[in-house]
Peer 1: 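My questions will all concern the structure given below.
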Amino acid sequence: MTIRLFIDTPLSTGATIELRREQAHYLSGVMRQSEGDSLLVFDGRSGEFAAVIEKIGKRSGQLAIGAQTAPQRDPPDLWLLFAPIKKARTDFIVEKATEMGAARICPVQTAFTNADRIRRDRLQAHAVEAAEQCGGTFVPDVAELAKLGIVLDGWDASRRLMFCDETLAGQETTIETFRDLGGPWAILIGPEGGFSGDERKRLHAMDVAVPVALGPRILRADTAAVAALTLWQIALGDWQ
């Protein structure tokens, strides 16, 4: 297995990069790498590069950056807004959103959201790990938890919102519903308890909102996120 490592430093052929303590520990202690071993690295902006370990220890290390092995591949301008749920399932949503090409991941607190706080740094680390494992060259930013009402108050009218309304389950929603609607997009997934009546009323009243059903059954929040991302990617994204 080829090791891929995200380096939050601009990369270029011929550069020398100092590893952070946790990266050095991962390579030396977890992956048992030594000086002279090869890996792939990416910075989220410049594509993927070959690298060789020049120095390695438990707390520090150094990489020599070689030739570019893949160009930068940015995802479509798609945000995922979701209400945090149980820890493991929230982690799952962040990981799958990264793998499936979300450009930004935004946890939102709704009326029925069970979680009132998140560890943004931990979720961002999950996004990094997902990008490393799936061959991506882009890492989406994970935003701080924000109240849905405040997010909607400041909504950019140019960004359409795919509103996944569980009360529409069983009604027909086709890809053609939004295939011809261009511009940047966001997907909104509600909490386990669904949206409140006031939230649903406000969302349906938004000109940029496109209410959709995700099939004939009500899906769990983490399943709904994957289904919605798939539907959007097939219609408007880089899966076409």
Peer 1: Do Arg4 side-chain atoms and Gly136 backbone N/O form a donor-acceptor pair below 3.5 Å?
Peer 2: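 Checking the backbone N and O of Gly136 against the side chain of Arg4, a donor-acceptor pair under 3.5 Å is found.
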Peer 1: With a sphere of 6.0 Å drawn around CG of Asp121, does it hold more than 12 non-hydrogen atoms of other residues, nucleotides or ligands?
Peer 2: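 Counting other residues, nucleotides and ligands, CG of Asp121 exceeds 12 neighbours.
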Peer 1: Can you confirm whether more than 12 heavy atoms, excluding those of Arg159, are under 6.0 Å from its CZ atom?
Peer 2: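 Yes, the 6.0 Å shell around CZ holds more than 12 heavy atoms from other groups.
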Peer 1: Give the minimum heavy-atom separation between Leu40 and Ala50, together with the two atoms involved.
Peer 2: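 Looking at all heavy atoms of both residues, the shortest contact is CD2-CA, 4.0 Å.
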Peer 1: Using a cut-off of 6.0 Å, state whether more than 12 heavy atoms not belonging to Arg120 lie near its atom CZ.
Peer 2: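 Enclosed: over 12 neighbouring heavy atoms sit under 6.0 Å from CZ of Arg120.
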Peer 1: Between Asp222 and Lys86, does at least one N-O distance fall below 4.0 Å, as a salt bridge requires?
Peer 2: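 Not counted as a salt bridge, because no side-chain N and carboxylate O are separated by less than 4.0 Å.
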Peer 1: Are side-chain heavy atoms of Ile85 and Asn114 found at a separation under 4.5 Å?
Peer 2: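 They are not in contact (no side-chain heavy atoms under 4.5 Å apart), so the answer is no.
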Peer 1: Donor-acceptor check, side chain of Thr137 to backbone of Arg73, threshold 3.5 angstrom: yes or no?
Peer 2: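 Indeed, once roles are kept as given, a pair shorter than 3.5 Å links the two residues.
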Peer 1: Judged by atom type as modelled, is there a donor-acceptor pair below 3.5 Å linking the side chain of Gln62 to the main-chain atoms of Glu54?
Peer 2: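 Checked: no pair found.
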Peer 1: Are Arg217 and Glu166 close enough for a salt bridge, meaning some N to O gap below 4.0 Å?
Peer 2: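 Not counted as a salt bridge, because no side-chain N and carboxylate O are separated by less than 4.0 Å.
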Peer 1: Mind running side chain to side chain contact (heavy atoms under 4.5 Å, CB included) on Met31 and Asp37 for me, showing each step along the way?
Peer 2: CA-CA 11 Å; Met31 302 306 294; Asp37 287 342; over 6 Å; no
Peer 1: Hydrophobic cluster mates of Val208, side-chain heavy atoms under 4.5 angstrom, ILVMFWY only, any path?
Peer 2: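 Its cluster partners, ordered by chain and number, are Trp79, Leu81, Val108, Leu148, Val151, Leu152, Trp155, Leu161, Phe163, Leu188, Phe195, Leu203, Met206.
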Peer 1: Over all heavy atoms of both residues, which pair between Gly66 and Thr13 is shortest? Give the atoms and the distance, please.
Peer 2: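 Gly66 and Thr13 have their closest heavy atoms at O-OG1, 2.9 Å.
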Peer 1: I'd like to know if the side chain of Thr98 and the backbone of Ala131 have a donor-acceptor N/O pair within less than 3.5 Å.
Peer 2: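 Absent.
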Peer 1: Please determine whether a side-chain nitrogen of the Lys or Arg among Glu199 and Arg202 lies less than 4.0 Å from a carboxylate oxygen of the Asp or Glu.
Peer 2: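 No, this pair does not count.
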Peer 1: Run the salt-bridge test on Arg59 and Glu22 with the 4.0 Å N-O cut-off and return the result as yes or no.
Peer 2: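 Judged by the 4.0 Å cut-off on N to carboxylate O distance, Arg59 and Glu22 do not form a salt bridge.
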Peer 1: Same cluster or not: Trp185 versus Ile234, using hydrophobic residues (I, L, V, M, F, W, Y) connected whenever any side-chain heavy atoms lie under 4.5 Å apart?
Peer 2: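 Linked within one cluster.
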Peer 1: Let's go through Arg89 and Glu192 carefully: what are the C-alpha distance in whole Å and the side-chain angles of both, what is the deciding distance for salt bridge (Lys or Arg N to Asp or Glu O under 4.0 Å) to 0.1 Å, and is it a yes or a no?
Peer 2: CA-CA 11 Å; Arg89 289 167 61 192; Glu192 293 174 317; 2.8 Å; yes
Peer 1: Under 3.5 Å, side chain of Gln23 to main-chain N/O of Phe6, donor-acceptor pair present?
Peer 2: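 Side chain of Gln23 to backbone of Phe6, a donor-acceptor pair under 3.5 Å: yes, one is there.
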Peer 1: Would you sort out whether Asp198 and Ser196 count as a side chain to side chain donor-acceptor pair (under 3.5 Å), showing the intermediate values?
Peer 2: CA-CA 5 Å; Asp198 288 343; Ser196 71; 5.5 Å; no
Peer 1: Do Lys58 and His25 come within less than 4.5 Å of each other through their side chains, counting heavy atoms only?
Peer 2: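 Side-chain contact under 4.5 Å: no.
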Peer 1: So, applying side-chain contact (heavy atoms from CB on, under 4.5 Å) with Val41, which one of Ile7, Ile17, Thr9, Ile3 is it?
Peer 2: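 Result for side-chain contact (heavy atoms from CB on, under 4.5 Å) with Val41: Ile7.
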Peer 1: Grab the two heavy atoms, one from Ile189 and one from Ala228, that are nearest each other, plus how far apart they are.
Peer 2: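 Smallest heavy-atom distance, with atoms named: CD1-CB, 4.0 Å.
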Peer 1: Would you kindly confirm whether Ile150 and Leu145 end up in one hydrophobic cluster when ILVMFWY residues are joined by side chain heavy atoms under 4.5 Å apart?
Peer 2: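 Ile150 does not cluster with Leu145.
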Peer 1: With side-chain contact (heavy atoms from CB on, under 4.5 Å) as the test, pick out the partner of Leu63 among Ile56, Val52, Thr16, Leu19.
Peer 2: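 For Leu63, the side-chain contact (heavy atoms from CB on, under 4.5 Å) check succeeds only for Leu19.
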Peer 1: Phe82 and Leu219: same hydrophobic cluster, using ILVMFWY side-chain contacts below 4.5 Å?
Peer 2: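 Yes, because Phe82 and Leu219 connect within a single hydrophobic cluster, where side-chain heavy atoms sit under 4.5 Å apart.
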Peer 1: Looking at Leu11, is its backbone amide N or carbonyl O close enough to the side chain of Asp43 to form a donor-acceptor pair, meaning the two atoms are under 3.5 Å apart?
Peer 2: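 It does hold such a pair.
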Peer 1: Specify the closest pair of heavy atoms between Pro84 and Thr113, including all atoms of both residues, with the distance to one decimal.
Peer 2: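 Scanning both residues completely, I find the closest heavy atoms to be O-CG2, 3.7 Å.
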Peer 1: Is the backbone N or O of Pro140 less than 3.5 Å from a side-chain atom of Gln124, with the two atoms forming a donor-acceptor pair by type?
Peer 2: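 Flag set: sc Gln124 to bb Pro140 pair under 3.5 Å.
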Peer 1: Assess, by modelled atom type and distance only, whether the side chains of Thr69 and Glu48 contain a donor and an acceptor separated by less than 3.5 Å.
Peer 2: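 Yes, side-chain donor-acceptor contact under 3.5 Å.
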Peer 1: If the threshold is 4.0 Å, N to carboxylate O, is there a salt bridge linking Asp153 and Lys147?
Peer 2: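 Answer for the salt bridge query: no.
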Peer 1: Please tell me whether Trp232 and Phe138 are part of a single hydrophobic cluster in this structure, the criterion being side-chain heavy atoms less than 4.5 Å apart.
Peer 2: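 Cluster IDs for Trp232 and Phe138 differ.
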Peer 1: Is the backbone of Glu129 close enough, under 3.5 Å, to the side chain of Glu95 for a donor and an acceptor to pair up by distance?
Peer 2: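 A pair under 3.5 Å: no.
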Peer 1: Identify the two heavy atoms, one from Glu18 and one from Gly61, that lie closest to each other, and give their separation to 0.1 Å.
Peer 2: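 Where Glu18 meets Gly61 most closely, the heavy atoms are OE1-O, 3.3 Å.
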Peer 1: Hydrophobic clusters here meaning ILVMFWY residues chained together by side-chain heavy-atom distances under 4.5 Å, can you tell me if Ile187 and Val210 are in one?
Peer 2: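 Ile187 clusters together with Val210.
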Peer 1: Answer yes when Arg122 and Asp91 have at least one side-chain N-carboxylate O distance shorter than 4.0 Å, and no when they do not.
Peer 2: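 Salt bridge flag = yes for Asp91 with Arg122.
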Peer 1: Do the side chain of Gln133 and the main chain of Ala130 share a donor and acceptor less than 3.5 angstrom apart?
Peer 2: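 Not a single qualifying donor-acceptor pair exists.
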Peer 1: If you define the side chain from C-beta out and look only at heavy atoms, does anything of Phe92 sit under 4.5 Å from Val226?
Peer 2: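 When only atoms from C-beta onward are counted, Val226 and Phe92 do touch, with a gap below 4.5 Å.
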Peer 1: Restricting to non-hydrogen atoms, name the atom on Ile105 and the atom on Val94 that form the minimum distance, rounded to 0.1 Å.
Peer 2: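 Minimum heavy-atom contact is CD1-O, 3.8 Å.
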Peer 1: Would you please indicate yes or no on a ring centroid separation below 6.0 angstrom for Phe49 and Phe42?
Peer 2: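 Not under 6.0 Å, so no.
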